[in-house]
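A short worksheet on the structure shown next.
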Amino acid sequence: MRLSRYLFSTTKEAPAETEFVSHRLMLRAGLIKQVTSGIYSFLPLGFRVLDKVVSVVRDEMNAVGAQEFLLPFVQPAELWKISGRWDEYGEELLRFQDRKGNWLVLSPTHEEIVTDLAKEILTSYRRLPVVVYQIQIKFRDELRPRGGIIRSREFLMKDAYSFCKDEAQMKEIYQEMRGAYERIFTRCGLEYKLVEAESGLIGGDISHEFITPASAGEDKIVECESCGYCSKLEKANSVVEENEGVSEGCLGEVETPNTKPMESLISPKDKCSVCHAPLRIKRGLEVGHLFHLGYKYSSKLGALFSNEEGEKNPLLMGCYGVGISRIPAAIIEQNNDEDGIIWPKEVAPFKAVVIPTSEQTFDFSEKVYQELKGNSIDVLWDDRDTSAGVKFKDSDLMGIPLKVIIGRTFLKEGKIEVKKRKNGELIKIDKGEFIQQFMGLM
RNA sequence: CGGGGCGUGGCGCAGCCUGGUUUAGCGCGCUUGCUUUGGGAGCAAGAGGUCGUCGGUUCAAAUCCGACCGCCCCGACCA
């Protein structure tokens, strides 16, 4: 893509009240633009990142046999009345009427409609288990949207639903999904913790969250300094040590008669209930959630299947969410410096930007750009008529992993420079060996 | 929903307290020209504003008062 024709805008300033790095940088680098409270446009650059995240998620979901489909964003009130959530959900559920006066909702999640679908098709144990997923807009009329895309009202989510015949099958699927999630977040360059969590309004008994450490996060997690025990603050257990310094290190599963649910705060006396090491509180951002839904929706909506004995039972359900539009923000929270964003390779909007810094190298820079493009590299060509400094600053702000600089070093030594965003490392490559060496850097 | 704050060219802000000498200002960005060009260049000349909306007070309102709308921040709640 030639930058002179790219719909983007970078700025030196962000509004004073934006307090999170990710929010500031997303605005400054021109990834998103706020339209109204909690609702954002993704500009081409931001959309590319989002799209990369989507690809990773899709890839890993497909790999564990989940099937992609698409459910409606606008749904009739009826199914919500049957499940009971028409009354339970409160004002977060945005409701409105069509011209005929029928009530509709902008879907905040899709359990009702997917259960209704499963009810028609999954009528026999022979067809189970099944996992379906979609990548779709959700709307939750949040009391208070915040942090830019971190907590928006309209957001993009991957939600998967599993239907099983029994607990054993369910457990298997749950583990597969967990594995897929671990790979998703690793590929996105995110550090994460898997913690036990509440399942809230979605329902169900077992629930785990993938929390990524970020000061912008809304969740507080408790982490053991020694054995890796990790939990949401409100679900955490601790033991109060009577005599200090008894046990050090991780002892694995131990009987802990003094175990107590943690209150809202931990004191220095609260120790890990597993290994008795000190605990600490961190802020984190929920990026993924696994729910064991049980029979809540299938029984209410009458989604029954026949088992081996010909008996009719409700489908055993699970659901699995990934907050896709939140992930770019989470990545930025963990990957930035004073110059801007530092995208991990897999989610970078472009892998490289070709920068001519002199009029005499402009034509040659286009050749290099075309050659990279010909090798299927997502590459930008900064063909703008502006100073080298501006090009470098913009590239750094936007977080492009590699700068391909063609300027005075090329004129003097015939060498193309490649500079890494992450550590500033500068590599000079001979014109003739450029492509081979560059591909080696990818 | 409770508490706090803000709405002024495309973006970021000042001006408001103490109404009129302000033709509504500054920085960034934008346009044109010249000089520049390896880390957000310089000079010169320009374009661009119903000061959120409606109403009130006043000889006079960006400025004071009221209502409304929108947005942000803290809290409770949530991917």
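Proteins come first, then strands; the chains are lettered A, B, ... in the order of their sequence lines, and each starts at number 1. Hydrogens, waters and symmetry mates play no part in the numbers below; they use all other heavy atoms, side chains included.
Remark: the separation of the P atoms in B:C11 and B:U57 is 34 Å, to the nearest Å. Annotation: B:A24 and B:G19 have their C1' atoms spaced 14 Å apart (nearest Å). Nucleotides B:C69 and B:C77, compared at atom P, are 27 Å apart to the nearest Å. Across B:C71 and B:C43, the matching C1' atoms stand 40 Å from one another, rounded to whole Å. Atom P of B:C13 sits at a distance of 14 Å from the matching atom of B:C72, rounded to the whole Å.
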Which side-chain N or O atoms in residues 41-53 of chain A pair as donor and acceptor under 3.5 Å with protein atoms at least two apart or in another chain?
from  : atom 1 : to     : atom 2 : distance (Å)
A:R48 : NH1    : A:P349 : O      : 3.0
A:K52 : NZ     : A:D378 : OD2    : 2.4

Would you mind writing out the side-chain donor-acceptor pairs for residues 432-442 of chain A within the sub-3.5 Å range, not counting sequence neighbours?
from   : atom 1 : to     : atom 2 : distance (Å)
A:E433 : OE1    : A:Q437 : NE2    : 3.0

Which pairs of donor and acceptor atoms, one on a side chain in residues 321-331 of chain A, lie under 3.5 Å apart (sequence neighbours left out)?
from   : atom 1 : to     : atom 2 : distance (Å)
A:S325 : OG     : A:L156 : N      : 2.8
A:S325 : OG     : A:L156 : O      : 3.4
A:R326 : NE     : A:I150 : O      : 2.9
A:R326 : NH1    : A:E286 : O      : 2.6
A:R326 : NH2    : A:I150 : O      : 3.0

Please assess A:F69 against A:Y133 for the test ring-ring contact (aromatic ring centres under 6.0 Å, His included), listing each intermediate value before the final yes or no. CA-CA 6 Å; A:F69 70 161; A:Y133 76 98; 7.9 Å; no
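Between A:Q334 and A:P213, the closest side-chain pair of non-hydrogen atoms falls below 4.5 Å.
Under the rule for a salt bridge (Lys or Arg N to Asp or Glu O under 4.0 Å), the partners of A:E346 that lie at least two apart in sequence or sit in another chain are A:R187.
For B:U37, neither phosphate oxygen OP1 nor OP2 lies less than 4.0 angstrom from any side-chain nitrogen or oxygen of A:T357.
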What's touching nucleotides 6-16 of chain B from the protein side, N or O pairs under 3.5 Å?
from  : atom 1 : to    : atom 2 : distance (Å)
B:C13 : OP1    : A:A16 : N      : 2.8

Every protein N/O lying under 3.5 Å from an N/O of nucleotides 75-77 of chain B:
from  : atom 1 : to     : atom 2 : distance (Å)
B:C77 : N4     : A:R146 : NH2    : 3.0

